[in-house]
Amino acid sequence: MEAFKIALDKLQFQKDLISWFAEEKRDLPWRRTSDPYQIWISEIMLQQTRVDTVIPYYKRFVEKFPTLRDLAEADEEILLKQWEGLGYYSRARNLQAGVKEVAEKYDGIVPASRKEISSLKGVGPYTAGAVLSIAYGIPEHAVDGNVMRVLSRILLIEEDIAKPKTRKIFEEAVTELISHEDPSSFNQGLMELGALICTPTSPKCLLCPVREHCAAFHEGKQHELPTKTKAKKNKAVQYAMLAILYGKSVLMEKRPSTGLLANMWQFPMIELTEEVLPLEIEEQLSENFQGVVSNAEKITSFKHVFSHLTWNVDGYIAKGQNLNVPSHMKWVTAEELELLPISGPVQKMKAVLKQRGDV
DNA sequence: AATACGGGGAC
DNA sequence: GTCCCAGTATT
């Protein structure tokens, strides 16, 4: 059955963990609701994102879209604006797609089986288990980075947690260990322990409620676990970002619906594949838009680092006339600009323009 | 199994 | 600078 033996006193472990959680858990906004829809929102936002970052977003989001149907009917532009700055924007699109399916196919009730909830867009193995256990009290595993770190130490599991295959080992372990009395507190307790006590570096073992159950602590190996390999390359790309002004409007373009920053708005950009002198920018622009772009002036220059990509951006301001504007672009006023969802680098450019008084 | 997908905080 | 975070979708 299990890939290894559980050597600890399961019932005592459950009790120690759940008691500690009841006593020490943080007062977080999504812990004040039992609405599966709102808990779902929190779990999506918390994917690869810190609790402190999520809190203000979560509050605004549930205020803006209090019910599942509110979100199902929301305009995507409004939705993305709410998500602006949180990152991983496909989460927002997938969440709405999932919510729409629940509204139509499940009469607005978030399904309570792993099979059904896992079929929803953006709901993977972790999120499925989290919503099932927290919202419905169903004893399902919810294995995230915290849980793998905590259990790798407690059970002395030395498999590389960077490998996709390894997650299954921890899912089996949780399935074996989970409390059927209080699955919600058990799963949340494991994660809370990882966040507050069993941290990546310098775990606070002397404060740990389950250190007597911890194999790594007994062998002094808590600092060596979890095993995690990591290798990633970061490419760099050069762009010219153009604020093209005409009267009181500025030209904006919508990014494609897939890939990086999908559906987000930005100032038109040109990739500088080769050495391009500032003088050539105007020519390129005029050509791209089959119109007149003049007075190009570099006003800023910055670097923006993504996970696997770095943008080196030169920001220009220019005047546009008689431009042939493609369908994915539009002229917007300063007021309209405030409504468009934009990503980090575009916010940097926008800030420079506002400071200069150009928009 | 690898890679793409954001942004911010900790060290 | 590097690593990590209440991961998932795509290839």
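If you're wondering where the values come from, they're calculated on a predicted model, not measured in any experiment. Letters A, B, ... mirror the listed sequences (proteins, then strands); counts begin at 1. Worth knowing before you read on, the calculation uses all heavy atoms, side chains too, and leaves out hydrogens, waters and symmetry mates.
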| query | So, the side chain of A:R91 versus the backbone of A:M45: is there a donor-acceptor pair under 3.5 Å, distance only? | reply | yes
Taking any heavy-atom pair under 4.0 Å as a contact, classify [X]: base, sugar-phosphate, or nothing.
{"X": "A:S343", "value": "sugar-phosphate"}
{"X": "A:W311", "value": "nothing"}
{"X": "A:K25", "value": "nothing"}
{"X": "A:V51", "value": "base"}
{"X": "A:Y88", "value": "base"}
{"X": "A:I39", "value": "nothing"}
{"X": "A:L261", "value": "sugar-phosphate"}
{"X": "A:K163", "value": "nothing"}
{"X": "A:G194", "value": "nothing"}

Candidates [options] - which lies nearest the side chain of [X]:
{"X": "A:R26", "options": "B:dC5, B:dG8, C:dA6", "value": "C:dA6"}
{"X": "A:Q48", "options": "C:dA6, C:dG7, B:dA4", "value": "C:dG7"}
{"X": "A:H304", "options": "C:dG7, B:dA4, B:dG7", "value": "B:dG7"}
{"X": "A:K165", "options": "C:dA6, B:dA1, B:dG6", "value": "B:dA1"}
{"X": "A:S307", "options": "C:dA6, B:dG7, C:dT8", "value": "B:dG7"}
{"X": "A:P164", "options": "B:dA1, C:dG7, C:dA6", "value": "B:dA1"}
{"X": "A:F306", "options": "C:dC5, B:dG6, B:dA1", "value": "B:dG6"}
{"X": "A:K235", "options": "B:dG7, B:dA4, C:dG7", "value": "B:dA4"}

Grab the [atom1]-[atom2] distance between [X] and [N] for me, whole Å please.
{"X": "A:F21", "N": "C:dA6", "atom1": "CZ", "atom2": "P", "answer": "14 Å"}
{"X": "A:L260", "N": "C:dT8", "atom1": "CG", "atom2": "C1'", "answer": "16 Å"}
{"X": "A:D52", "N": "B:dA10", "atom1": "CG", "atom2": "C1'", "answer": "12 Å"}
{"X": "A:I161", "N": "B:dA1", "atom1": "CD1", "atom2": "P", "answer": "15 Å"}
{"X": "A:M148", "N": "C:dC4", "atom1": "CE", "atom2": "P", "answer": "11 Å"}
{"X": "A:D144", "N": "C:dC4", "atom1": "CG", "atom2": "P", "answer": "14 Å"}
{"X": "A:I55", "N": "C:dC5", "atom1": "CD1", "atom2": "P", "answer": "18 Å"}
{"X": "A:H308", "N": "B:dG6", "atom1": "NE2", "atom2": "P", "answer": "10 Å"}

When you check the side-chain N and O atoms of [X] and [Y], is any donor under 3.5 Å from an acceptor?
{"X": "A:Y126", "Y": "A:Q47", "value": "no"}
{"X": "A:K348", "Y": "A:H304", "value": "yes"}
{"X": "A:R60", "Y": "A:Q82", "value": "no"}
{"X": "A:N263", "Y": "A:S257", "value": "no"}

| query | Looking only at N and O atoms, is any donor in the side chain of A:Y126 or the base of C:dG7 less than 3.5 Å from an acceptor on the other one? | reply | no
| field | Base C:dC4 paired with A:R50 side chain (donor-acceptor, <3.5 Å) | value | yes
Separation between the [atom1] atoms of [N] and [M], rounded to whole Å:
{"N": "C:dC3", "M": "B:dG6", "atom1": "C1'", "result": "15 Å"}
{"N": "C:dA6", "M": "B:dT3", "atom1": "C1'", "result": "22 Å"}
{"N": "C:dG1", "M": "B:dG8", "atom1": "C1'", "result": "15 Å"}

| message | Return whichever of A:T53 or A:T258 has its heavy-atom-nearest nucleotide of DNA chain B closer to the 5' end. | response | A:T258
| said: Reading DNA chain B from 5' onward, which residue's closest nucleotide shows up sooner: A:T166 or A:V305? | reply: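 Result of the comparison: A:T166.
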SB check [X] [Y] (cutoff 4.0 Å):
{"X": "A:E192", "Y": "A:K25", "value": "no"}
{"X": "A:E116", "Y": "A:K105", "value": "no"}
{"X": "A:D70", "Y": "A:K64", "value": "no"}

| query | If each of A:N94 and A:R31 is mapped to the nucleotide of DNA chain C with the nearest heavy atom, which maps nearer the 5' terminus, i.e. the 5' end? | reply | A:R31
| said: With nearest nucleotide decided by heavy atoms, which residue, A:K303 or A:N146, maps closer to the 5′ end of DNA chain C? | reply: A:K303
| Is any side-chain nitrogen or oxygen of A:R149 closer than 4.0 Å to OP1 or OP2 of C:dC5? | yes
| Counting just side-chain N and O atoms, does A:S90 come under 4.0 Å of either OP1 or OP2 of C:dT8? |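 No.
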